[in-house]
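Presented below is the structure to which this report refers.
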There are 2 protein chains.
Amino acid sequence: MVRIKDIAKEANVSEGTVDRVLHGRGGVSKKTADKINKILERRNFSINPVASALATKNNHTIAVLIPEYSETDSFWKLPYLGLLKASEDVKNIGLNVNYFKFDQYNSNSYMEAFTNLIKMKPSAVILVPMFLKETRVIINELKKAGTKYIFLNVDVEGEDGSVYIGQDSYMSGYIAGKLMKLSLTDGYDCCIMQASTSTGDNQAIVKRIKGFKDYYTAIKEEIKLHELKVESFGDEVKLASSVTLFLEKFPNIKGIFVPSSRVSAVVKILSEEQKESLQLIGFDNTPQNVVCLKNDTVLFLISQKPFDQGYEAVRLISDYLIKSKALKRKLYLPIDILTKENVDYNDANQLMFESDLKYQ
Amino acid sequence: MVRIKDIAKEANVSEGTVDRVLHGRGGVSKKTADKINKILERRNFSINPVASALATKNNHTIAVLIPEYSETDSFWKLPYLGLLKASEDVKNIGLNVNYFKFDQYNSNSYMEAFTNLIKMKPSAVILVPMFLKETRVIINELKKAGTKYIFLNVDVEGEDGSVYIGQDSYMSGYIAGKLMKLSLTDGYDCCIMQASTSTGDNQAIVKRIKGFKDYYTAIKEEIKLHELKVESFGDEVKLASSVTLFLEKFPNIKGIFVPSSRVSAVVKILSEEQKESLQLIGFDNTPQNVVCLKNDTVLFLISQKPFDQGYEAVRLISDYLIKSKALKRKLYLPIDILTKENVDYNDANQLMFESDLKYQ
DNA sequence: CTGAAAGCGCTTACAG
DNA sequence: CTGAAAGCGCTTACAG
């Protein structure tokens with residue numbers, strides 16, 4: 001391993017001068033800079049990041065704005081765990097991550113959390129941009145402060161210079177369409193079921209539905225697609241009555257596509273016979289959904305590596321802050337097709353982290 | 001951040017003594033050890049791994065024994081890239097990774113590579129145990145030397161204390177069976193196609209076939225499964241003639257399952273009409289296979305995250321050597337279901353690494 | 001424009 | 001059983 005000291009000796013300069021060249025801090029004559037650069041190149045020098053981190057006392061604060069999760073609606077738990085894991089990994093190099101949680105159904109709590117966040121003057125921000133209008137305000141403030149930000153899981157259109165890490169929602173819907181086609185015996189219809197209550201997150205759902213429909217258009221199949229908007233997936237009684245009515249009205253429906261993470265809520269209100277005869281496809285490996293997959297009430301789940309989304313978001317920001325690596329406009333994570341059989345293997349990283357947590 | 005210095009001051013001892021307690025090096029009176037431990041606990045101290053790594057000059061050597069890859073048979077490229085990426089990540093903390101490559105069809109080259117490997121006296125070894133008999137010899141030597149080892153991608157049965165990182169082959173075959181069933185219109189047969197030349201690697205293939213068949217047993221379908229052993233996937237002429245003959249003999253075959261990474265070789269020798277009418281399912285996202293997926297000649301690929309296998313292997317060994325984290329018996333990575341539509345999103349990590357390589 | 005010295009937090013001999 | 005000091009490789013003021 002070649003060290004700054006070695007370079008300095010060979011160039012007959014001090015270590016400080018080599019350091020200046022290395023980081024382009026200026027204040028070095030062209031002549032010596034050239035000389036040093038040549039040696040650097042020839043000896044294939046690269047900075048020891050460990051020593052660098054120790055000496056620099058990097059003291060960056062990363063702030064995360066993310067919805068809180070609950071027992072029944074646990075989608076946001078996995079991204080959170082991924083963020084947590086990465087936070088540990090980068091603590092070594094002087095990065096501290098702080099969390100600000102909000103209620104995903106309440107835009108006031110969103111803004112409130114942001115107000116607390118911005119007080120910390122973070123070096124960078126990872127946020128789930130749930131409410132469009134409020135998000136514009138937030139982005140403006142961040143831009144004014146010159147703070148870099150990454151959108152996690154939810155994208156915002158028309159923001160140049162923004163970074164999105166998540167799934168290609170359109171394509172994931174398209175794939176759901178393909179799987180539905182495979183699962184349905186010819187001649188049967190399919191129903192797309194969504195909640196009419198908007199959570200601000202529905203941009204992804206709209207795109208998934210578009211992709212789903214486009215698949216059927218592309219293959220030129222004469223399958224009828226019905227659409228049912230239920231009031232909410234949370235209210236079992238209402239959900240049950242509207243679904244039952246709908247299925248009675250269109251008895252040819254044999255497939256149900258739920259483009260949100262709430263397919264398990266639909267399963268809950270189906271009769272045994274319906275569970276037998278209907279093919280359900282949904283999104284996201286929440287614990288409730290996984291149960292349905294395993295007891296054969298849901299055939300496929302499309303999953304979006306929520307744990308990895310969190311993890312990668314922190315890693316990207318970290319590389320940006322420490323190694324000034326450029327950020328890409330979009331980082332699409334895998335579109336996982338989950339079945340009863342492969343769901344348990346799906347997130348090895350996440351499982352390893354969870355078992356580590358247990359032993360602490 | 002609380003430092004050793006802070007603990008030492010509070011306990012009225014030197015930093016060296018705190019360090020002894022921290023690492024259980026002994027030579028500390030019970031009384032002072034207790035005192036220090038209490039303070040450590042109360043102040044929630046944890047070692048700064050960056051400073052630790054720098055001071056220790058960890059100088060571990062990890063040796064990797066892996067098949068070389070070629071243009072046409074590029075399966076081993078991705079695990080290699082994953083290993084490379086992780087090597088970079090851990091270089092900071094004093095881990096050096098050395099590679100020893102062998103010809104996967106030649107057991108002599110396997111042993112030769114190992115002979116060179118063992119001369120380096122590595123702290124740990126990652127190996128692809130291709131040849132069973134030779135592998136037993138290798139394992140014996142490693143055990144004698146007290147060197148920890150990890151099996152990558154290929155498992156060896158009946159070695160207690162061994163560690164495997166890869167896929168659950170049985171289950172991946174089972175899933176292939178399920179997908180085949182979905183893809184075949186009722187009443188048609190399916191053919192399982194494998195090469196009779198063994199590469200030592202065929203244990204995984206045997207298990208995949210077992211899983212595939214078991215799926216059909218489990219669902220009690222009356223689908224006929226034919227089996228064709230071709231001489232080699234490398235010889236186009238012979239392959240073409242034996243496949244053609246077989247398909248003529250059993251015209252009811254509409255599905256072909258190739259439980260190795262060579263499905264693209266089969267596509268190559270099919271006629272246009274055959275490509276149209278046959279449903280092919282294979283393994284692994286090699287460039288050639290991905291091409292077939294995209295031009296609709298292969299319907300599904302089961303993939304085993306080869307890049308991640310390499311990456312995780314190094315990370316596990318690193319945690320074992322540096323943080324003395326226990327190694328698990330098996331680490332199963334995801335069983336990915338790849339289609340034309342999601343294949344490009346499948347390995348974000350790998351893509352990011354490859355684009356980094358380009359810019360270097 | 002350049003160098004000498006101190007320091008980041010932990011570990012390693014060495015001395016007692 | 002315990003402490004004082006030097007060192008890991010890089011960075012940061014400060015002096016000139």
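Here is how names work: the chains are called A, B, and so on, in the same order as the sequence lines, proteins then strands, and each is numbered from 1.
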Report task. Check every strand shown and say whether A:Asn12 touches a base, only sugar-phosphate, or nothing at a heavy-atom separation below 4.0 Å. Result -> sugar-phosphate
**Report entry** Heavy-atom side-chain contact between B:Leu152 and B:Gln309 under 4.5 Å
**Finding:** yes
Query raised in the report: ring-ring contact (aromatic ring centres under 6.0 Å, His included) with A:Phe151: which residues, sequence neighbours excluded?
Result: A:Tyr149
Report summary line: Residues of residues 13-21 of chain A with a heavy atom under 4.0 Å from any atom of DNA chain C, listed by number, are A:Val13, A:Ser14, A:Thr17, A:Arg20
Report task. For the pair B:Glu312 and B:Lys305, find out whether any cationic side-chain nitrogen is under 4.0 Å from an anionic carboxylate oxygen. Result -> no
Report task. Say whether, by atom type as modelled, one donor and one acceptor occur between the side chain of A:Ser52 and the main chain of A:Asn48 under 3.5 angstrom. Result -> no
Query raised in the report: About how many Å separate CZ of B:Arg20 and CD of B:Glu15, when rounded to the nearest 0.5 Å?
Result: 11.5 Å
**Report entry** Partners passing ring-ring contact (aromatic ring centres under 6.0 Å, His included) against B:Phe102 (at least two apart in sequence or in another chain)
**Finding:** B:Tyr110
Query raised in the report: B:Tyr80 ring centre to B:Lys101 NZ or CZ under 6.0 Å, with the angle to the axis within 45°?
Result: yes
Query - Whether A:Lys35 side chain and A:Ala11 backbone form a donor-acceptor pair below 3.5 Å - result: yes
Query raised in the report: Among residues 33-41 of chain A, which residues get a heavy atom nearer than 4.0 Å to DNA chain D?
Result: none
Query raised in the report: Between B:Ser29 (side chain) and B:Thr32 (backbone), is there a donor-acceptor pair under 3.5 Å?
Result: yes
Query - Duplex segments of DNA chain D, taken as runs of at least three Watson-Crick or G-U pairs that stay under 3.5 Å - result: C:1-3 with D:14-16, C:5-12 with D:5-12, C:14-16 with D:1-3
Query raised in the report: Does B:Arg3 pair with B:Asp6 as a salt bridge, N-O distance under 4.0 Å?
Result: yes
Query raised in the report: Any sub-3.5 Å donor-acceptor pair from A:Thr17's side-chain atoms to A:Val13's backbone N or O?
Result: no
**Report entry** Note: A:Asp34-A:Lys30 ion pair, threshold 4.0 Å (strictly below)
**Finding:** yes
Query raised in the report: Less than 4.0 Å between a side-chain N and a carboxylate O, is that true for A:Arg136 and A:Glu141?
Result: no
Requested in this report: Let me know, please, whether B:Gly27 or B:Thr56 comes out on the 5' side of the other along DNA chain D by nearest nucleotide.
Outcome: B:Gly27
Report summary line: Footprint ends on DNA chain C, 5' to 3', for atoms under 4.0 angstrom from a heavy atom of chain B, come out as C:dG9 to C:dA13
